[in-house]
Amino acid sequence: MVTAIVIFFILGYLCIALESVFKINKAVPALLMCVVCWTLYACGGAPEGVDASSRLLHHLGETCEILFFLMGAMTIVEIVDANGGFYFVHDALATKSKRTLLWRITLMTFVLSAILDNLTTSIVMVMVLRKLVEDHKDRMLYGGMIIIAANAGGAFSPIGDVTTIMLWIKGMISTGGVISSLLLPSLVSVVVSALCVQLYLKGELNAPERQAEAPGAANNSDRMMILCFGVGGLVFVPIFRMLTGLAPFMGILLALGVLWFVSEYRCNRNALFCENNHLKVTNLLARIDMATILFFLGILLAVATLQETGVLAAFGQWLNTASGGNHYLVTGIIGMVSSIVDNVPLVAGCMDMYPIAASGDFATDGLFWQLLAYCAGIGGSMLIIGSAAGVVVMGLEKISFGWYLRRFTWIAFAGYVSGIAVYALETLFF
């Protein structure tokens, strides 16, 4: 029965990796794979005396911590964006020089991704980019750099990427540890990539005209208020965890509740705003990407069956033995593989393959977990389908797989290797 579970998991995984070929949303095979694997586990895969239902509920509780965090963060970003809070980002980036705009977009994406997350940051930056750059060919180049910068910014922040959120929630990395160790490697990887992209850009650009705002739109003071409460709430989440010891999703729900209250207060104060229904939080909830949420639910619970059957532990031991215990080699390979398949199941598998230890490389903020956070986060930039940021930019700007492969794979790889080298030097000297 264990063999059957592994076979169905691999088949489901292939369907997810070939989403663009089959034209089926990756949430579909993830959910089916999850149900089939747990059904097989319950019908003969579970060890004698183990209640499959109770184990499923145990893993569901752990998975929901991540899902509620993502839903809260997505909702906060939707509220800020709908109220025009990100117009300040647009105004800060505006310039006629193509190369100057490249560095401004790169640094802004890098910073925002660390505060928000790479998926929502990519969406916001592409929307801002459309107001700054009229030519689609130029936007594709900037879009490729947004992918790299968003993934790099998320790699050193505990709330910047789904994989770092997973590692942070499980206690593999801490807020201070991951920022202090991975900030410089992540920054170097972005700078190296931006220097390479700069070779493609010359001259000046023409910005499209700014569209008139709809009636009831927020004024500058309201925009700033919404932006401060939204971004400030997200930044407060790690502080809330340190102060209370509660799971991060409680902090994100607190931030959402406060921002929702502020939005409702503004609605009650401004009748014209109330008439503008698309700004209501209850309507903005419908814009949350539930397909992505369901995908995470399916893939994380499917990986949990491999943990329950002992497959992941056995594979982890083999990989560690085959590499001679070289963590740079193991995590480096994982990062490159994450450009082909989704990094969420890869990291989830590693978390189960290598249990956290009291000391050493597998302890909290140990070398292995920090390298895993960096490699899984940034390695996905090497192919456009290798990260959530890549997939969303691919869809919004109609960037083809082949175009990105020719123009950006070598750029992302150069930055990826540079960051690993910087981390190795940090470890060696400090």
Side-chain angles (χ1 to χ4, degrees), residues 102-103 106-107 109-110 113-114 118 122 141 143-157 160-161 163-164 167 173 178-201 319-320 322-343 346-347 350 361 366-390 393 401-430:
L102 172 70
W103 286 101
T106 298
L107 294 177
T109 304
F110 184 78
S113 183
N118 55 10
S122 299
L141 291 171
M145 195 60 228
I146 285 174
I147 295 171
I148 294 174
N151 288 333
F156 78 89
S157 167
D161 183 81
T163 54
T164 53
L167 293 168
I173 57 176
V178 71
I179 292 176
S180 61
S181 298
L182 296 185
L183 174 58
L184 184 58
S186 299
L187 183 60
V188 168
S189 72
V190 165
V191 171
V192 170
S193 297
L195 288 172
C196 296
V197 176
Q198 188 173 261
L199 299 175
Y200 293 128
L201 296 171
L319 186 61
N320 201 45
S323 64
N326 188 327
H327 300 320
Y328 287 93
L329 180 59
V330 173
T331 55
I333 292 174
I334 290 173
M336 296 179 69
V337 173
S338 73
S339 67
I340 301 173
V341 296
D342 197 272
N343 59 1
L346 284 176
V347 172
C350 289
D361 292 341
L367 183 145
F368 180 84
W369 300 121
Q370 290 183 348
L371 275 174
L372 181 62
Y374 173 88
C375 293
I378 297 181
S381 301
M382 284 184 273
L383 293 178
I384 198 168
I385 63 170
S387 65
V393 174
F401 179 89
W403 182 91
Y404 190 91
L405 181 66
R406 294 190 303 272
R407 293 292 189 98
F408 275 90
T409 294
W410 70 272
I411 293 174
F413 180 76
Y416 177 69
V417 174
S418 300
I420 294 177
V422 170
Y423 181 82
L425 291 174
E426 280 186 344
T427 304
L428 179 62
F429 291 106
F430 301 105

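Owing to the predicted nature of the structure, the values given are computational and were not obtained by experimental measurement. Only heavy atoms go into these numbers, but all of them, side chains included; no hydrogens, no water, no symmetry mates.
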Enquirer: Mind checking the CZ-CD1 spacing from F110 to I146? Nearest 0.5 Å is all I need.
Expert: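 It is 15.0 Å, given to the nearest 0.5 Å.
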
Enquirer: With a cut-off of 3.5 Å and sequence neighbours excluded, list every side-chain donor-acceptor pair involving residues 148-157.
Expert:
| from | atom 1 | to | atom 2 | distance (Å) |
| --- | --- | --- | --- | --- |
| N151 | OD1 | N118 | ND2 | 3.1 |
| N151 | ND2 | I147 | O | 3.3 |
| N151 | ND2 | S381 | OG | 2.8 |
| N151 | ND2 | S387 | OG | 3.1 |
| S157 | OG | A114 | O | 2.5 |
| S157 | OG | I159 | N | 3.3 |
| S157 | OG | G160 | N | 3.4 |

Enquirer: Please walk me through it: do W103 and Q198 pass side-chain contact (heavy atoms from CB on, under 4.5 Å)?
Expert: CA-CA 9 Å; W103 286 101; Q198 188 173 261; 2.7 Å; yes

Enquirer: What's the separation between atom OG1 in T163 and atom CG in L372, rounded to the nearest 0.5 Å?
Expert: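 Reported value, rounded in 0.5 Å steps: 7.5 Å.
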
Enquirer: Might you point out which heavy atoms bring I411 and C196 nearest each other, and give the distance in Å?
Expert: CG1-CB, 3.8 Å

Enquirer: Please report the shortest heavy-atom distance between L367 and Y328, naming the atom on each side.
Expert: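 Reported closest heavy-atom pair: CD1-OH, 3.9 Å.
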
Enquirer: Below 4.5 Å, heavy atoms only, C-beta onward: do M145 and V190 meet side chain to side chain?
Expert: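 A side-chain contact exists here, since the closest heavy-atom pair is under 4.5 Å.
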
Enquirer: Is any side-chain heavy atom of L141 less than 4.5 Å from a side-chain heavy atom of R407?
Expert: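 Yes; the side chains approach each other to less than 4.5 Å.
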
Enquirer: Just jot down the ring-ring contact (aromatic ring centres under 6.0 Å, His included) partners of F408, sequence neighbours excluded, or say none.
Expert: W403, Y404

Enquirer: Under 3.5 Å, sequence neighbours excluded: what are the donor-acceptor pairs made by side chains of residues 182-189?
Expert:
| from | atom 1 | to | atom 2 | distance (Å) |
| --- | --- | --- | --- | --- |
| S186 | OG | L182 | O | 2.8 |
| S189 | OG | S186 | O | 2.6 |

Enquirer: Return all side-chain donor-acceptor pairs below 3.5 angstrom for residues 413-428, not counting sequence neighbours, or 'none' if the list is empty.
Expert:
| from | atom 1 | to | atom 2 | distance (Å) |
| --- | --- | --- | --- | --- |
| Y416 | OH | G332 | O | 2.9 |
| S418 | OG | A414 | O | 2.7 |
| Y423 | OH | Q370 | OE1 | 2.8 |
| T427 | OG1 | Y423 | O | 3.0 |

Enquirer: Tell me, please, which residues at least two apart from F368 pass ring-ring contact (aromatic ring centres under 6.0 Å, His included).
Expert: H327, Y354, F362

Enquirer: Taking all heavy atoms of T106 and all of L102, pick out the closest pair and write down the distance.
Expert: OG1-O, 2.7 Å

Enquirer: In Å and rounded to the nearest 0.5 Å, what is the CG to CD1 distance from L167 to I173?
Expert: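 Output value for this atom pair is 5.0 Å.
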
